[in-house]
Amino acid sequence: MGDKVFKCSPGIGARVTGTALVASDNFSARYDLDRIRGVFSRPAHALFGESYVGKILVLNTAKGGVASSWMLLDMVAREMAPAALVLNSTNPILVQGAAFANLTLVHGFEVDITKQIQSGGCVTVDPVEGIVIWE
Amino acid sequence: MALEFKLTKYETEMLEGKHGYPRQWAIQQLLQVGRFFGATDFVPVSQAHIMCDTESLGPAGIEHLEHLASHDKSERTVSIPAVTDPRGMDFGVYKRFKQSEEFAMRERRATKALEALGILMTDTCINYQTVSPPVFGEHVAFGDTGSVIYANSVFGARSNFEGGPAGLSAALTGRVPRYGYHLESERSATHWFEVQLRPKTLSDWGALGAVIGKKTGNYWCTPLLEGDFGGVTSDELKHFGAALASFGSVPLYHMVGVTPEALDHGQSTGHLIFEDSPKIGPADLREIYFGSKSSVNVDVVVFAAPQLSLFEIQDVARILNGRKIDEKTDLLIATSPEIKAACDRFEITAQIEQSGAVLLSGVCFYQMYARELAEANNWKTLATNSAKLMNIISGYGYEPMLATTEQCVEAAISGKL
């Protein structure tokens with residue numbers, strides 16, 4: 001099978017490659033994560049119990065709450081952050097947080113990206129070119 | 001091709017570092033976000049509200065604040081009035097709830113740095129009720145989802161969600177990128193709901209916000225509500241908006257006949273024709289409430305998120321009516337330092353404390369290292385009248401239950417809900 005390339009809007013951060021962790025669910029660092037242990041801790045989240053550290057998180061959109069904009073920096077500093085956030089759509093909080101933490105983030109696909117990529121796959125995110133490649 | 005971002009002479013100088021590192025860092029942050037969302041210039045803002053609890057900041061965030069604060073006063077001082085969101089610790093009671101000295105030290109360090117930047121430590125998420133409410137059309141940089149949705153919807157002010165780094169950047173530069181809810185074109189309704197009930201309690205209003213938030217569920221959606229809402233109060237809209245923003249990440253709503261950009265249906269929709277209008281009734285709200293048939297022991301009852309107004313606290317004191325709370329249950333009430341002082345003056349604090357409850361100043365429960373609080377105090381089951389708190393707190397290991405103010409107080413007294 002050849003690589004699949006998905007176009008998106010130009011994003012923030014550097015080009016990264018990693019293992020995808022995918023769900024048709026939303027994201028907030030405060031609402032959903034145990035940031036000490038590096039796992040999804042919200043029982044109702046589709047990724048409950050999963051480790052997100054070093055993964056390329058592929059999710060639907062941002063949840064309410066403003067805390068993520070500080071939290072992403074602290075997660076990066078403690079090496080307990082995802083490698084990138086790949087979202088169908090985002091809100092200002094995650095973009096502000098990604099800019100502050102220099103964490104890779106893209107959004108704005110022509111398709112529902114959570115339906116196109118499977119967990120465990122190798123994914124490259126290029127925020128400058130505005131593409132995501134699933135190998 | 002990226003659109004050109006137009007900078008004024010002063011903005012260019014900030015970007016070049018001619019007004020010091022703090023302003024250079026700040027405008028770089030704002031520029032990145034602005035370009036991401038397709039903005040082409042900045043809009044001046046009159047005030048900033050900065051979210052900066054130390055659980056969110058973490059050691060890295062605190063070090064960043066200290067680095068900014070280490071610069072010359074002329075370079076580091078904010079350029080517009082700037083206030084703070086709730087903090088993680090009330091120093092008057094932190095030992096009672098077994099909060100650690102390590103966290104206390106973080107709070108002291110962050111406070112010292114924020115004060116050095118010229119920020120006013122109001123420590124409140126209800127700045128629109130207690131500090132300086134914005135007016136119609138005023139561009140602001142607010143940093144709590146509840147304060148943003150209230151400012152946008154109830155006052156007709158203009159703000160995006162400005163998280164801590166962005167709020168701080170706005171305070172240092174006096175501007176934000178012009179996109180999203182600063183643009184008239186982005187403020188029309190995108191979803192229409194017919195509400196077939198008039199919420200009776202604050203928790204009902206929160207539940208309604210939760211229902212609408214779940215159905216919209218995106219920052220770029222603006223719900224329009226039509227129904228018989230007659231005689232709404234500030235606290236009702238506070239709970240509704242806070243829940244809507246929490247469940248849906250929504251920063252603006254219109255309520256026909258209530259909010260200023262929805263004096264009639266056509267004004268709020270930009271005369272867009274909706275094909276469908278979901279109907280919201282009592283059954284929708286019941287789904288948000290705690291549904292267990294058997295009584296459950298309640299470890300902690302929390303009134304917070306948003307912080308309580310003077311009227312809300314007076315109401316809790318009235319319901320308590322001098323009764324003692326159960327020895328196995330804690331009752332916490334969070335408000336701003338200004339409202340706490342008013343409660344002290346009116347002897348409401350004394351009434352509350354006689355019951356064994358605690359009136360917290362300058363904090364909000366979920367910003368108080370809630371996971372560590374639960375472990376230190378053996379809290380698991382939590383009752384609240386705040387749909388927003390119910391939505392947030394399960395990720396911290398709690399089992400939350402939404403109930404009315406009266407039910408919550410009775411749960412604190414009996415130890416059961």
Side-chain angles (χ1 to χ4, degrees), chain A residues 9-13 25-37 39-45 48 60-78 80-81 87-102 105-108 127-128 130, chain B residues 2 28-33 35-38 51-53 55-64 85 143-146 148-149 160-167 169 177 179-180 213 217-220 242-251 366-367 371 388 391-397 399:
Chain A
S9 302
I12 275 178
D25 205 333
N26 301 332
F27 180 77
S28 161
R30 163 117 56 203
Y31 287 33
D32 296 326
L33 306 183
D34 180 336
R35 289 166 287 114
I36 303 301
R37 294 171 53 225
V39 297
F40 280 85
S41 58
R42 184 181 179 84
H45 199 282
F48 176 65
N60 184 38
T61 190
K63 281 183 181 167
V66 296
S68 300
S69 59
W70 284 122
M71 288 176 172
L72 293 181
L73 174 73
D74 191 58
M75 290 158 64
V76 168
R78 291 187 296 106
M80 293 294 280
L87 303 164
N88 280 321
S89 68
T90 187
N91 72 0
I93 295 302
L94 290 184
V95 178
Q96 294 157 7
F100 184 47
N102 197 25
L105 179 149
V106 294
H107 80 145
V128 176
Chain B
Q28 286 171 345
Q29 296 293 307
L30 298 172
L31 202 51
Q32 272 199 82
V33 175
R35 285 182 167 140
F36 183 96
F37 287 114
M51 183 275 190
C52 50
D53 70 69
E55 189 216 341
S56 302
L57 282 163
I62 295 168
E63 287 168 15
H64 174 74
D85 204 38
D144 172 273
T145 56
V148 172
I149 196 169
N160 286 309
F161 286 173
E162 302 292 359
S169 297
Y179 71 94
N218 190 300
Y219 184 81
W220 311 101
L244 175 54
S246 175
F247 279 84
S249 188
V250 169
Y366 66 88
Q367 294 171 304
R371 188 183 312 282
K388 173 178 178 175
N391 189 36
I392 294 172
I393 209 68
S394 66
Y396 285 95
E399 294 175 4

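Chain identifiers are assigned alphabetically (A, B, ...) following the order of the sequence lines, protein sequences preceding nucleic acid strands; residue numbering begins at 1 within each chain.
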Backbone N or O of [Y] within a donor-acceptor pair of the [X] side chain at under 3.5 Å?
X        : Y        : answer
A:Trp70  : B:Met51  : yes
A:Arg30  : B:Tyr366 : yes
A:Arg42  : B:Asn391 : yes
B:Thr145 : A:Gly64  : no
A:Gln96  : B:Gly163 : yes
B:Trp220 : A:Ser89  : no
A:Thr61  : B:Asn218 : no

Quick one: are [X] and [Y] in side-chain contact, heavy atoms under 4.5 Å?
X        : Y        : answer
B:Gln32  : A:Asn102 : no
A:Tyr31  : B:Ser246 : yes
B:Tyr396 : A:Ser41  : no
B:Arg35  : A:Pro10  : no
A:Leu105 : B:Phe36  : yes

For [X], is it the side chain, the backbone, both, or neither that has a heavy atom closer than 4.5 Å to a heavy atom of chain A?
X        : answer
B:Gln28  : neither
B:Phe37  : side chain
B:Phe247 : neither
B:Glu55  : both

Which region of [X], side chain (C-beta onward) or backbone (N, CA, C, O), has a non-hydrogen atom less than 4.5 Å from a non-hydrogen atom of chain B, or is it both or neither?
X       : answer
A:Ser9  : neither
A:Ala67 : both
A:Asp32 : neither

